[in-house]
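In what follows, a structure is listed as structure tokens, so that the remarks can point back to it.
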Amino acid sequence: MKIVVYSDPHQHEYKTHAWTTEDGLNSRVEDVAAAVEQVYEYAEGIGAPVIFGGDMFQVKGTLPVTGFNKIYKIISRRFDNGGLTDIMIPGNHDMATADGKHHALEVFNEGDCKVFGEPTVCSPWDGIVIAAIPFPMVNGKFNDRKFVDGFNTCLTEIQEQPDYKGFTRILLSHCFTHELMGKHLGVLGDIKGEDLLEDFDLVLLGHHHIHDTITKGKKKLLSIGAPIQHTFNDIGETRGFAVIDTETLEIEHVPIKCRQFWSFDGEKTISADKAAGSFIRCRVSTKAEGERAKKELVEAGAASVVIELIPKTPKKKRLDLEAGAKDSEILKKFLDSEYCETELNKDRLFTLATEYLEKCV
């Protein structure tokens, strides 16, 4: 069978790159809702269940009514899904309390839509068992001990349940891995992905917005990724959702049509095709260039335009020194160069520096 997997929409009434639509809604609320709608329309088109990996909303403990209503209408139609179970877990942004016991997704736990706010084992479809572990929050932060406890509890239940023998094991959670964080950001994540693959055939993780896969033999760990770009940090990243074949564990990433973020360095680099309908940043060296760039971007149909004025700084000449140059020669060359920007008397500085260096010897 196939399942549709998505995560991290971060629904919110953003103030940047946003405007009020004809319906009176925040434009970025509508953008996110449109992306989530594409996920469910695709799932309905192929008759597949949906798994959600966390962070439906952006601000902890606060739900913008317009954004919530949009999302609720999309998901609530799945409450009666003919017995085809959907699964959801909350992410850190969905949490309403510091211990994670209350979260923004509780209202979706109805009928054929199952929301797990605590580590839970279930078998929603034939031949498949899922261990669902929501973001392990303690005092408002990720707690590795809480994650490990939940992981071990779920694994023990799976191992001790004879009905699950031979089932495809899927782990669903919301956390970073060492491998993915190291690859994309150069820092360690919360856990090691390879450790998770020791006991599960397929690991599905929200939280990391970039779609990526770790493979270990036939087993796979999927960083689900976000369905849309959120900021200029996401430039060039393809966003969407995943479709997984539970028999072969093949993963297809399906891009979502949504507004893009693009950045241009100077008016000569502007691409009208990229600008159309997109959020644009253009860095220029003069106000006049900025005015021309903004006009060109607006005419190209950019959704929003940010002009950043970054004056050009002249390139400084190298201080070439011969091998074995004396300290006095180095000082003199530096004080006479453009690198030494001071209103102090340079002859006096030379004398003081020379006296200091002599004392150091």
Side-chain angles (χ1 to χ4, degrees), residues 6-42 50 52-77 88 90-96 103-105 107-108 174 206-211 224-241 253-264 271-283 294 297-308:
Y6 77 109
S7 185
D8 295 89
H10 289 269
Q11 176 67 280
H12 178 57
E13 290 186 326
Y14 289 92
K15 303 303 179 185
T16 56
H17 316 292
W19 56 90
T20 302
T21 68
E22 293 180 359
D23 294 333
L25 301 178
N26 179 285
S27 61
R28 297 193 68 186
V29 163
E30 290 203 336
D31 286 347
V32 172
V36 174
E37 178 72 29
Q38 288 183 54
V39 175
Y40 285 95
E41 284 183 347
Y42 188 97
V50 176
F52 174 69
D55 282 355
M56 180 66 74
F57 302 98
Q58 171 68 7
V59 182
K60 295 177 184 177
T62 302
L63 296 177
V65 174
T66 55
F68 175 78
N69 288 347
K70 278 280 189 180
I71 295 298
Y72 186 81
K73 287 179 181 178
I74 295 169
I75 297 177
S76 62
R77 69 179 188 237
M88 303 179 74
N92 53 307
H93 283 267
D94 297 317
M95 299 302 186
H103 54 83
L105 306 188
V107 69
F108 298 115
H174 190 88
H207 205 27
H208 187 60
H209 290 188
I210 298 176
H211 172 81
I224 303 167
I228 66 169
Q229 293 183 359
H230 294 107
T231 70
F232 285 111
N233 292 329
D234 304 333
I235 290 174
E237 294 175 7
T238 301
R239 296 297 173 84
F241 57 93
H253 187 247
V254 181
I256 282 179
K257 294 180 180 179
C258 60
R259 300 185 194 280
Q260 305 287 304
F261 283 83
W262 292 107
S263 183
F264 302 117
S271 166
D273 290 340
K274 289 182 178 179
S278 301
F279 304 125
I280 303 298
R281 174 181 65 195
C282 188
R283 291 168 170 157
K294 185 173 184 178
L297 289 166
V298 170
E299 290 176 349
S304 69
V305 177
V306 174
I307 300 295
E308 291 186 1

- Determine the minimum heavy-atom distance between Ala302 and Ile280, stating which atoms define it. CB-CG1, 3.8 Å
- Query: Considering all heavy atoms of both residues, which atom of Val29 and which atom of Gly67 are nearest to each other, and what is their separation?
  - Reply: CG1-CA, 3.5 Å
Please tabulate, for side-chain N and O atoms in residues 225-232, each donor-acceptor pair with protein atoms closer than 3.5 Å (sequence neighbours left out).
residue: Gln229; atom: OE1; partner: Phe261; partner atom: N; Å: 2.7
residue: Gln229; atom: NE2; partner: Asp234; partner atom: O; Å: 3.3
residue: Gln229; atom: NE2; partner: Glu237; partner atom: O; Å: 3.0
residue: Gln229; atom: NE2; partner: Gln260; partner atom: OE1; Å: 2.9
residue: His230; atom: NE2; partner: Pro9; partner atom: O; Å: 3.0
residue: Thr231; atom: OG1; partner: Asn233; partner atom: N; Å: 3.1

- Message: Testing the basics here: between Ala35 and Ile256, what is the closest heavy-atom pair and its distance to 0.1 Å?
- Response: O-CD1, 3.6 Å
- Polar side-chain atom of Thr21 near backbone of Leu25 as donor-acceptor pair, under 3.5 Å: yes
- May I ask you to decide whether Glu37 forms a salt bridge with Arg77, counting only side-chain N to carboxylate O separations under 4.0 Å? yes
- Item | Minimum side-chain heavy-atom gap Tyr72-Phe108 below 4.5 Å | yes
- Task: For side-chain contact (heavy atoms from CB on, under 4.5 Å), just list the numbers for Val36 and Lys70, CA-CA rounded to whole Å, side-chain angles, deciding distance to a tenth of an Å, and then say yes or no.
- Result: CA-CA 10 Å; Val36 174; Lys70 278 280 189 180; over 6 Å; no
- Task: Answer whether the closest heavy-atom distance between the side chains of His93 and Val59 falls below 4.5 Å.
- Result: no
- Would you kindly say whether Tyr6 and Tyr40 are connected by a side-chain donor-acceptor distance under 3.5 Å? yes
- Message: Going by side-chain hydrogen bond (donor to acceptor under 3.5 Å, both in side chains), name the residues that satisfy it together with Asp31, two or more places apart in sequence or in a different chain.
- Response: Arg259
- Task: May I ask you to test the Lys274-Phe264 pair for a side-chain heavy-atom distance under 4.5 Å?
- Result: yes
- Query: Between the main-chain N or O of Trp19 and the side-chain N or O of Ser27, is there a donor-acceptor pair closer than 3.5 Å?
  - Reply: yes
- Query: Is Arg28 close to His12 at the side-chain level, that is, under 4.5 Å between some pair of heavy atoms?
  - Reply: no
- Heavy-atom closest pair, residues Ser7 and Gly206: OG-CA, 3.3 Å
- Message: Just to verify, what does Ser304 make a side-chain hydrogen bond (donor to acceptor under 3.5 Å, both in side chains) with, not counting sequence neighbours?
- Response: His17
- Message: Under the rule for side-chain hydrogen bond (donor to acceptor under 3.5 Å, both in side chains), what residues qualify as partners of Glu13, not counting sequence neighbours?
- Response: Thr66
- Item | Aromatic centroids of Tyr14 and Phe279 separated by under 6.0 Å | no
- Item | Those residues that, when tested against His10, pass side-chain hydrogen bond (donor to acceptor under 3.5 Å, both in side chains) (two or more places apart) | Asp8, Asp55, Gln58, His209
- To the nearest 0.5 Å, what is the distance between CE (Met95) and NZ (Lys60)? 8.5 Å
- Side chain Gln11, main chain Ile71, donor-acceptor under 3.5 Å: no
- Task: State whether the side chain of His207 and the backbone N or O of His174 hold a donor-acceptor pair below 3.5 Å, judged by distance alone.
- Result: no
- Validation row: Ile75, Met88 side chains within 4.5 angstrom (heavy atoms): yes
- Item | With Phe57 via ring-ring contact (aromatic ring centres under 6.0 Å, His included) - residues at least two apart | none
- Under the side-chain contact (heavy atoms from CB on, under 4.5 Å) rule, what do Val305 and Cys282 come out as? Steps first, then yes or no, please. CA-CA 8 Å; Val305 177; Cys282 188; 5.7 Å; no
- Donor-acceptor pair, side chain of Asp94 and main chain of Met56, under 3.5 angstrom: yes
- Message: Let me confirm one number: the CD1-NZ distance from Ile307 to Lys294, rounded to the nearest 0.5 Å.
- Response: 7.0 Å
